[in-house]
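The structure appears below as C-alpha cells.
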Amino acid sequence: MQRYNPKDIEPKWQQQWAESKIYEATEDATKPKKYILEYFPYPSGAAMHVGHVRNYTIGDVLARFNRQRGYNVLHPMGWDAFGLPAENYAIKTGISPRQAIDQNTTKFKAQLTQMGFSYDWSREIDSTDPAYYRWTQWFFLMLFRRGLAYQQESLQWWCPVDKTVLANEQVENGHCWRCGSEVEKKALKQWFFKITDYADRLSEDLDNVNWSDSIKSMQRNWIGRSNGAEISWQVCDKEGHETGVSFDTFTTRKDTIPGVTFIVVAPEYERLDELTADDHHARVHSYRQDALRLTDVQRQEDKAKSGVFTGRYAKNPFNGDIVPIYIANYVLAGYGTGAVMGMGGHDERDREFSLRHDIPVKITTEVPEEYQDLSSTKVWAAKQGKQINSGAPYDGMENLDAGRLIFEKMAAAGTARDKTNYKMRDWLISRQRYWGAPIPIIHCEKDGPVAVPDDQLPVVLPELDTFEPSGDGRSPLARVPEFVNTTCPKCGGPAERETDTMDGFACSSWYFLRFADPHNNDQPFDADKAKFWLPVDDYIGGAEHAVMHLLYARMWTKVMYDEGMIDFVEPFTTLRNQGMILAPDGAKMSKSKGNTIEPGVLIDQGYGADAIRIMEMFIGPWNQAANWSVEGMGGAYRFLQRVWTLVQEFTDRERGEADSSELLRACHKAIKKITSDIEALNFNTAIASLMELTNELFKLKAADNYAAAAWQDTLVTVTQLLAPFAPHIAEELWQQLNQDGSVHTSDWPVANDRYLVDDTLRVAVQVNGKLRGELQVAVSTTEDEIVALAQADPKVAPHVAGKQIRKTVYVPGRLVNFVVG
RNA sequence: GGGCGAGUGGCGGAAUUGGUAUACGCGGCGGACUUAAAAUCCGCUGGCCUUAACAGCCUUGAGGGUUCGAGUCCCUCCUCGCCCACCA
C-alpha cells in the first residue's frame, strides 16, 4: 500500500494547477461572481510564518468552497512593495530596492504556491511597477484636480530615525509605527489628502457594511465626530475693557458655559501674542518654547497640568464673567480651535488645572454628595442632572434642556453657532524617502504647483546609487538634477519636480480595483470590469489596518464614486479579521524573538501543506487568537493519513445487497453540517465533522456492512468536502477514485434529506430538570406513549414513584421532564 | 479614562431558538500487531464518594435572579485580552 507522503503529491498538483490555469477568472456572467481578497502583502525578505498562512488559508478555503458551489471566483494576489523596509535593506546591503523586491516577490510567491493557494496569478500586480504606479499618480492628480490634494506648511510628525514625516495614523503612542523610535515635530511643507472632507460619509457609511463591531467602532472612534458649539469670546483686561481681539472655543457641553472660570490655549496657538499682555510676554514665550521642545510623549507625561497666565482676560458672552486666559500644554493645537473654555466643575483636566493654578471652580449641574468637595480631583462628569448656578430661567431645568436654551440665546446674539469637530486630521501623504511613487507635480515659480500632464505619466522613479535620506527634509531625489530640473507644463518656463514620494498607503488605496483589470495601459481599470467584480465580497486581513489602509481605501473609493468612475461607495462589503497565531507559549511570533514557525520548515519535515492548512483551520475559531501547537500539527497529519488509508484500502469486491443506510446517513449528515459550517465560517467544526465521518467510516469498514457503490460514492464525497481545506490530497484521491477533471472544479455535494431520516429517536428523561434516563423509541411513537415509557423507565421510576407529578414537559423528539413535588 | 471582546476538563476548543455540557483534536492510560521499537489500529479518559461496578453528588470565572429546565437570558462583582487615549 502506498503511504501518504505529501512530498510526492503536493508539488505535482501545484504544477498541474498552474499549467491547467484552473484558478484563472474570466468575466463569465453565467455564474454569480465572488471576489475574495486577502490584503496584498509586503514582500519582505523574511520567510512567512504560520500566522500569515492562517490569513491566506481562510481566503483560500472560501475561494475553493465558493468555486465548488458554482460561483465565479476572483482570488488574486499581488505585492505592496513600496516602502521603508526595502529601502533600509538597500542602504544596509547596497542591493537596490528594485532588485531586493524582485528577489523577495519570487521567494514569497514560491511560499504561497507551496501552500497550494488558488490564486489567479495571471492578475499578479506589483505596486512598484511603473505600469501600476502610473495610475497611482493619475489618482493623485485626480485628487489634486478635485481640491483634495493640497500642500501646507505646518508642524508635522517627523521620525528622526527614518528621516521622514508620518501621518497621524502612523504615530502610535508617540512612536513611529515602522521603527518604534520617538517622533518629533518639525515645521515642513507637506502634501495632504483632504480625508476630513469625507469624515461624515466615512462615519455614516459604516452602517451599511458587514464588518466586525470592533473595527467599526475603531474607525468611528478615530474619525471622532463630535457635535457641539463654537463660542466667540472678547479679550479684555481685568476690569473688562475689551482689547478688540476676539477668539473662539469649541464645546460639547453647552450647559456648562455659565460655569467657565478660565480660558486656556495650546502652546502652538497662532494668535497667542494677541491674547498676551505686554508684561507677561517673557513668561508666556518661555513656557511656549519649553513646551514646543517636548515630544508628544513627554507632554502627555505632564499630568500635573502646568501652564502660565497670559495677563489677559476674556468676557463670557453668556453672563459677562471676566475669566483669565492661560497657556497650557494639555490643550491640543490641532483639535477644535486650539483654545478651550475651562470649567473645573465638570471636567477632570480642568479641575486639576484649576487646583494647580488657584482658579475658582463653579459647578453647573447638581452633583451627588461625594463629589461636592471642589478641592478634590474627583469630578462628577455624568452628562445629566439639574442645572444650578446659572440664573433664571435655567436653574432647576434638566441641564441638557438648559444647554439648548443657553445656546439659542447666544446664537441669537451671534456669539455661538453649531459646530461639528473631528479627531481625524487630513492624511499626510508625502514622504522624504526614495522608494515610493513620485508625486506627479511640477513646481513653477510663476504657476505654482502644476499637475504633470497625463501623457507624461508615469513620472518614473530614477535609479540611484545611494538612497540614504539626507535628513534635511528633502528626499534623495532632490540630489538628482536631471530628475528635478524640468519645464513648467503651463508656461514652458524652467521648473522643478516635486521630490517627495507618496506614502505606500496611496498604492494600496486602489489595488483591489486594479485586480479587476490588471494589465490595462489606457486607464486604471475598465469600468465594466470593475462593475463586474467589485466590490470585494470577502476581504480578509488583520485588524492592524483598522485605521490606516481600511480608512484610506474607503476614502479613495468614495472619491472615485464622486468622479463617476464606479457605482459603489464601499469597497469591502464584508471584512474578516483573522485572529493572530501566537507561539506555543502565547508570545507574539516575530523574527526578532526567533520564535517564528515557518510553513516551509514544516513541509520539509514531512507534514505537508495540507496538514498545515488543516491545522490552521482546526486550531480554533478563525477570528480568535490561538497558540500554535506542535503536537496538534501531528494530529492534523494523522487525520489526513486516515483519509488516505481509507481510499488505499478500498477494495471493489462484491458485497451483494448489503445495507448501506448507516453509511449514507453518516455521509449526508456530514455534507449538511460541513456545508453550513463553512458558510458560517466555522472551519474548526467543519473539520471536526470530517474527522467524525472518517472515524465512522473506519468503524463501518471493520463491520464490513455496506455496498461497494455507496462506499465509492462516499469516498468521492469525502474528497470533495476535504478539497477546500486540503486541496492536494483531495485532488490526488479524486484521481485515485477514477474521477474526471479536478476535484476543485467539481460540484459541491448536496445533502439528500432522504438519507437523514432516523427510524429511532433518543429522548432524554428528566425529573425536575435533572437527567435520569434515556429512551430509544421508534419515530412513530406518540407523545402519550413516550411519557408513559419515560415514567416506567427503571432509572426514572424511583424518582417519581410515590410523588405527585405536577407537570410534564415534552419537547418533541428531545426530552421529557417530570416536575414532581 | 473611553470603546470592543472573552472567561467551559490537564491543554486547544464543541454545544440550533434556553432542552441529554465537555463533540473533534492534543496529551495521558490500557490493549492489538511486532523479537523489540516506531508507525498503525482498537478501547478508556471532567471532579468527588466507592475495592470496583451500579447508583449518587458536584461542575461552564464568583454571587444572586427568571424558568419545568440556564454555558446560553437578566442584575451585581472579579479577571484577562485588544484598540484608542489630555479630542474639551
Side-chain angles (χ1 to χ4, degrees), chain A residues 3 172-173 212-222 224-226 228 249-253 256 264 266 296 299-303 305 328-332 334-337 339-343 346-350 352-353 381 421-425 543-544 546-547 579-580 584 586 614-615 618-621 623-636 638-639 641-642 645 676 682 684-692 694-695 698-699 702 762-774 795 798 806-821:
Chain A
R3 276 185 53 83
E172 296 169 347
N173 246 325
S212 71
D213 288 340
S214 84
I215 299 285
K216 283 197 205 181
S217 79
M218 277 163 80
Q219 287 214 349
R220 284 204 185 92
N221 247 314
W222 185 263
R225 174 160 68 176
S226 61
T249 61
F250 174 72
T251 184
T252 54
R253 288 290 301 273
T256 64
V264 57
D296 216 44
R299 240 162 103 167
Q300 281 179 27
E301 279 162 2
D302 177 17
K303 295 289 182 210
K305 299 285 181 292
N329 68 14
Y330 81 93
V331 178
L332 301 175
Y335 183 75
T337 63
V340 175
M341 53 182 231
M343 24 98 174
H346 299 286
D347 184 280
E348 195 177 306
R349 299 154 301 177
D350 292 347
E352 286 167 1
F353 192 80
N421 264 322
Y422 303 89
K423 289 186 195 174
M424 183 171 66
R425 311 290 145 81
E544 70 272 15
V547 291
M580 216 183 288
I614 291 283
M615 174 67 184
F618 186 62
I619 195 165
N623 53 0
Q624 276 174 39
N627 295 7
W628 189 258
S629 156
V630 177
E631 295 79 17
M633 194 59 239
R638 262 194 297 281
F639 160 60
Q641 184 173 246
R642 278 165 71 78
T645 304
S676 63
N682 296 329
N684 54 334
T685 55
I687 291 170
S689 299
L690 265 168
M691 288 171 169
E692 270 179 280
T694 306
N695 293 345
F698 266 89
K699 280 187 191 131
R762 282 162 67 237
V763 179
V765 185
Q766 298 179 334
V767 178
N768 287 344
K770 263 197 169 79
L771 182 69
R772 296 300 179 183
E774 191 182 275
K795 287 181 186 168
R806 292 198 308 212
K807 190 174 174 186
T808 302
V809 180
Y810 176 64
V811 182
R814 295 204 74 107
L815 64 77
V816 178
N817 187 18
F818 295 114
V819 185
V820 303

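Per chain, numbering begins at 1; letters A, B, ... match sequence-line order. Bear in mind that the values here come from a model prediction, so they are computed numbers and not experimental data.
Distance OH/A:Tyr810 to CG/A:Leu815: 9.0 Å, rounded to 0.5 Å. Summarising the geometry, atom CG belonging to A:Asn221 is positioned 12.0 Å from atom CD1 belonging to A:Ile215; distances are rounded to the nearest 0.5 Å.
Distance from the side chain of A:Trp222 is smallest for B:A85 among the nucleotides B:A88, B:A85, B:C41. Side-chain proximity of A:Tyr335 to the nucleotides B:G25, B:A88, B:A85 is greatest for B:A88. Taking every side-chain heavy atom of A:Val819 into account, B:C68 is the closest of B:A39, B:C68, B:C42. Checking B:A14, B:C41, B:A88 against the side-chain heavy atoms of A:Asn684 singles out B:A14 as nearest. Each of B:G12, B:C4, B:A15 was ranked by its minimum atom distance to the side chain of A:Ile619; first place goes to B:G12. Here the nucleotide nearest the side chain of A:Val340, chosen from B:A55, B:A23, B:A88, is B:A88. Comparing B:G19, B:C42, B:C24 against the side chain of A:Val809 picks out B:G19 as the nearest. Of the candidates B:A23, B:A88, B:C68, the closest approach to any side-chain atom of A:Val331 belongs to B:A88. Among the nucleotides B:G43, B:G19, B:A23, the one closest to any side-chain atom of A:Arg814 is B:G19. Relative to the side chain of A:Ala688, the nucleotides B:A85, B:G43, B:C24 differ in distance, and B:C24 lies closest.
In a base pair of the Watson-Crick type (N1 to N3 plus N6-O4 or O6-N4) or a G-U wobble (N1-O2 and O6-N3), with each distance short of 3.5 Å, B:U40 is matched with B:A32. Pairing for B:C24 is with B:G12, a Watson-Crick or G-U wobble pair whose two hydrogen-bonding atom distances lie under 3.5 Å. When both pairing distances are held under 3.5 Å, B:C82 makes a Watson-Crick or G-U pair with B:G3. For B:C73, the paired base is B:G65 (Watson-Crick or G-U wobble, both distances below 3.5 Å). With a cut-off of 3.5 Å on both pairing distances, B:G18 has no Watson-Crick or G-U wobble partner at all.
Remark: the separation of the P atoms in B:G56 and B:G61 is 26 Å, to the nearest Å. Straight-line distance between the C1' atoms of B:G47 and B:U60: roughly 13 Å, to the nearest whole Å. Of the P atoms belonging to B:U20 and B:C33, the separation is 41 Å, rounded to the nearest Å. As rounded to the nearest Å, B:G10 and B:U59 have P atoms that lie 16 Å from one another. Going from the P atom of B:A23 to that of B:G9 covers 13 Å, rounded to whole Å. As rounded to the nearest Å, B:A21 and B:U72 have P atoms that lie 14 Å from one another. Distance noted for atom C1' between B:C57 and B:C49: 8 Å (whole Å). Rounded to a whole angstrom, the distance from the C1' atom of B:G69 to that of B:U17 is 15 Å.
Taking side-chain N and O atoms only, A:Asn695 has a distance below 4.0 Å to OP1 or OP2 of B:G25. The phosphate of B:C84 has neither OP1 nor OP2 within less than 4.0 Å of any side-chain N or O from A:Arg220. Between A:Gln641 and B:U40 there is a side-chain polar atom (N or O) within less than 4.0 angstrom of OP1 or OP2. Taking 4.0 angstrom as the limit, A:Lys216 places none of its side-chain polar atoms (N or O) nearer than this to OP1 or OP2 of B:C4. Distances shown here put a side-chain N or O of A:Ser226 below 4.0 Å from the OP1 or OP2 atom of B:A88. Taking side-chain N and O atoms only, A:Lys770 has no distance below 4.0 Å to OP1 or OP2 of B:G19. Look at A:Arg772 and you won't find any side-chain N or O under 4.0 angstrom from OP1 or OP2 of B:G69. Listed pair A:Arg638 / B:G27 meets the phosphate criterion, a side-chain N or O lying under 4.0 Å from OP1 or OP2.
Summary of the strand contacts: A:Leu771 and A:Asn221 both lie near RNA chain B, and taking for each the nucleotide with the nearest heavy atom, the more 5' one is attributed to A:Asn221. Residue order along RNA chain B, read from the 5' end via each residue's closest nucleotide, puts A:Glu348 first among A:Glu348 and A:Glu774.
When all heavy atoms of A:Ala764 and A:Leu771 are compared, the closest pair comes out as CB-CD1, 3.8 Å. Taking every heavy atom of both residues into account, A:Met615 and A:Met633 meet most closely at SD-N, 3.6 Å.
With rounding to whole Å, A:Lys807 atom NZ is found 10 Å from B:G69 atom C1'. Per the geometry, CG belonging to A:Leu815 stands 5 Å off C1' belonging to B:G19, to the nearest Å. Nucleotide B:A88 holds its P atom 16 Å from the NE2 atom of A:His346, rounded to whole Å. One can place CG of A:Asn817 at 17 Å from P of B:G18, the figure rounded to the nearest angstrom.
At the heavy-atom level, A:Ala636 lies nowhere under 4.0 Å from the strands shown. Counting non-hydrogen atoms under 4.0 angstrom, A:Thr808 reaches nothing in the nucleic acid. Across all strands shown, A:Glu631 has heavy atoms under 4.0 Å from sugar-phosphate atoms exclusively, and none from any base. Residue A:Phe698 is classed as a sugar-phosphate contact, given heavy-atom separations below 4.0 Å to backbone atoms only. A:Asp347 comes within contact range of no nucleotide atom at all, as no heavy-atom separation falls under 4.0 Å. Note on A:Gly635: only backbone sugar-phosphate atoms sit closer than 4.0 angstrom, heavy atoms only; bases stay farther off.
The backbone N or O of A:Lys423 sits less than 3.5 Å from a side-chain atom of A:Arg425, completing a donor-acceptor pair. In terms of modelled atom types and a separation under 3.5 Å, the side chain of A:Asn768 and the main chain of A:Val820 share a donor-acceptor contact. A side-chain donor-acceptor contact under 3.5 Å links A:Asp350 to the backbone of A:Met343.
Annotation for A:Arg806: atom CZ does not count as buried by contact number, only 12 or fewer foreign heavy atoms lying within 6.0 Å.
A donor-acceptor contact under 3.5 angstrom links the side-chain atoms of A:Lys305 to the base of B:C86.
The side-chain heavy atoms of A:Tyr330 and A:Val340, taken from C-beta on, include no pair separated by under 4.5 Å.
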